Engineer: 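Below is one structure. I have some questions about it.
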Amino acid sequence: MDMSQQISSPNHEIAVYLAAIWDGLKDQITPFLSVLYIDDTIYRMLDSHGRRYIARKFMEHTREAVMYCRDGNRGDRHYLGPPRYFIANGGVIHSPDGLEPIWAMNDGLNTRLESVAACQPTVPLKPTKIPRPPNAYILYRKDRHNLVKAANPGITNNEISQILGRAWNQESRDVRQKYKQMSEEIKIALLEKHPDYQYKPRKSSEKRRRTRRSQQAHAILVDANLAAPDDDAVEGHSVTSV
DNA sequence: GTGAATGAAAT
DNA sequence: ATTTCATTCAC
């Protein structure tokens, strides 16, 4: 191998350059980190290839599709992370110019979803979590949930469940059969789309324990570039789709 | 995350 | 026989 040839090649220089940038960025990585903070200066040094390179390196850590987002509150900050990270806790992804997505937390007043940018995975990702198909009662409850709520202002979901649980047990075999039929069709459709689907309940010990950090506290952590354990959020295997 | 109902599917 | 998780969303 002719090393001198490689060292002098532009490609090699670029590779070294990108590797150096990644080297600096990866200092942020902890086992729980799900979003990478990238200073605007660094971000602008990267062209599309460079950004793709960094994204790929980071995906190797997150095992999820990631996207870039500019900080909606501070234009000089960029983040790289799974779309679900930006969406969580009322966050929205703006893309006013249709090009560069901007992430902002929902203040309930003047944030609106303009458009959502897509991103394409380039490394093997964690398999998507396929939701369990709903049973007959779940479909029945879903159907009547809004009706019961409208008829009983201030009613809680638990009360709705109690009411519809009784209603379900009183329902004619016709109605029950109708929903049973629906649930079976949905299940068949699911198996058709995901032939390898299999229900995999976790042990209760595997369920999420830590109570969620407040939105505000979380925003502060992110802003201080201390974004932490917000992400073992993936039960067993899954990616929240956007 | 929990609760509150039912039921499918796993353990 | 027991447990998880599908739906909903205030708490």
Side-chain angles (χ1 to χ4, degrees), chain A residues 31-35 64 81-93 105-109 111-113 126-222 227-242:
Chain A
F32 300 117
L33 181 82
S34 65
V35 66
E64 290 185 65
R84 64 180 179 74
Y85 182 90
F86 303 108
I87 300 298
N89 291 321
V92 295
I93 298 172
M105 296 307 288
N106 187 1
D107 60 10
L109 295 174
T111 50
R112 263 200 338 280
L113 185 68
K126 283 184 286 191
T128 299
K129 174 73 180 288
I130 299 164
R132 209 178 176 186
N135 63 38
Y137 168 72
I138 292 295
L139 291 175
Y140 177 84
R141 189 197 183 292
K142 188 212 266 277
D143 260 11
R144 291 169 167 60
H145 174 252
N146 285 325
L147 294 175
V148 175
K149 189 201 260 188
N152 307 66
I155 194 173
T156 67
N157 289 303
N158 290 5
E159 291 169 333
I160 293 175
S161 290
Q162 294 182 331
I163 289 171
L164 289 178
R166 269 175 248 133
W168 172 253
N169 289 315
Q170 297 297 93
E171 213 61 76
S172 65
R173 70 174 199 330
D174 257 32
V175 173
R176 294 170 60 118
Q177 176 53 39
K178 174 185 144 198
Y179 285 95
K180 168 81 167 162
Q181 167 90 326
M182 280 188 205
S183 71
E184 285 172 356
E185 286 171 0
I186 290 175
K187 185 170 64 184
I188 289 170
L190 183 149
L191 262 60
E192 186 184 319
K193 192 174 196 323
H194 307 283
D196 298 325
Y197 169 80
Q198 192 178 23
Y199 174 50
K200 292 167 187 164
R202 297 162 305 173
K203 304 299 182 190
S204 53
S205 59
E206 298 296 321
K207 292 174 69 178
R208 292 182 72 58
R209 59 310 172 190
R210 179 185 92 264
T211 63
R212 190 166 190 73
R213 198 181 272 117
S214 81
Q215 200 173 277
Q216 184 58 40
H218 183 259
I220 291 169
L221 284 175
V222 170
D230 186 12
D231 186 273
D232 34 6
V234 188
E235 50 270 29
H237 50 280
S238 83
V239 157
T240 305
S241 56
V242 176

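No experiment lies behind these values; they were computed from the predicted model shown. To find a chain, count down the sequence lines: A is the first, B the second, and so on, and within it residues start at 1. Hydrogens, waters and symmetry mates play no part in the numbers below; they use all other heavy atoms, side chains included.
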Engineer: Using a cut-off of strictly less than 4.0 Å between a heavy atom of the residue and any atom of DNA chain B, enumerate the qualifying residues of residues 133-155 of chain A by number.
Structural biologist: A:Asn135, A:Tyr137, A:Arg141

Engineer: Who passes salt bridge (Lys or Arg N to Asp or Glu O under 4.0 Å) against A:Lys180, sequence neighbours left out?
Structural biologist: A:Glu184

Engineer: Using OP1 and OP2 only, check whether a side-chain N or O of A:Lys187 sits under 4.0 Å from B:dA9.
Structural biologist: yes

Engineer: Among residues 165-181 of chain A, which contact DNA chain B at a heavy-atom distance under 4.0 Å?
Structural biologist: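 Within this stretch, A:Gly165, A:Trp168, A:Asn169, A:Arg176, A:Lys180 sit under 4.0 Å of the strand.
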
Engineer: Return the set of residues passing side-chain contact (heavy atoms from CB on, under 4.5 Å) with A:Leu139 (not counting sequence neighbours), or none when no residue passes.
Structural biologist: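 side-chain contact (heavy atoms from CB on, under 4.5 Å) list for A:Leu139, sorted by chain: A:Pro134, A:Tyr179, A:Met182, A:Ser183, A:Ile186.
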
Engineer: How would you list, by chain and number, every residue that makes a side-chain contact (heavy atoms from CB on, under 4.5 Å) with A:Lys187, sequence neighbours excluded?
Structural biologist: A:Pro133, A:Leu191

Engineer: From the set B:dA10, C:dA6, B:dA4, return the single nucleotide nearest to any side-chain atom of A:Pro201.
Structural biologist: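 In terms of side-chain proximity for A:Pro201, the closest of B:dA10, C:dA6, B:dA4 is B:dA10.
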
Engineer: B:dA5, B:dA9, C:dA10: which one has an atom nearest the side-chain heavy atoms of A:Arg132?
Structural biologist: B:dA9

Engineer: Can you name the closest pair of heavy atoms from A:Gly165 and A:Tyr137 and give their distance?
Structural biologist: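 A:Gly165 and A:Tyr137 have their closest heavy atoms at N-OH, 3.7 Å.
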
Engineer: Sequence neighbours left out, what passes side-chain contact (heavy atoms from CB on, under 4.5 Å) with A:Asn152? Give chain and number order.
Structural biologist: A:Val148, A:Ile155

Engineer: Might you point out which heavy atoms bring A:Gly81 and A:Phe86 nearest each other, and give the distance in Å?
Structural biologist: O-CE1, 3.4 Å

Engineer: I want to confirm an ordering. Mapping A:Ser183 and A:Glu159 to their closest nucleotides on DNA chain B, which one lands closer to the 5' end?
Structural biologist: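 Going by which nucleotide is closer to the 5' end, it is A:Glu159.
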
Engineer: Classify A:Gln198 by what it touches in the nucleic acid, base, sugar-phosphate, or nothing, heavy-atom distance under 4.0 Å.
Structural biologist: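 Counting heavy atoms under 4.0 Å across all strands, the contact made by A:Gln198 is with sugar-phosphate only.
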
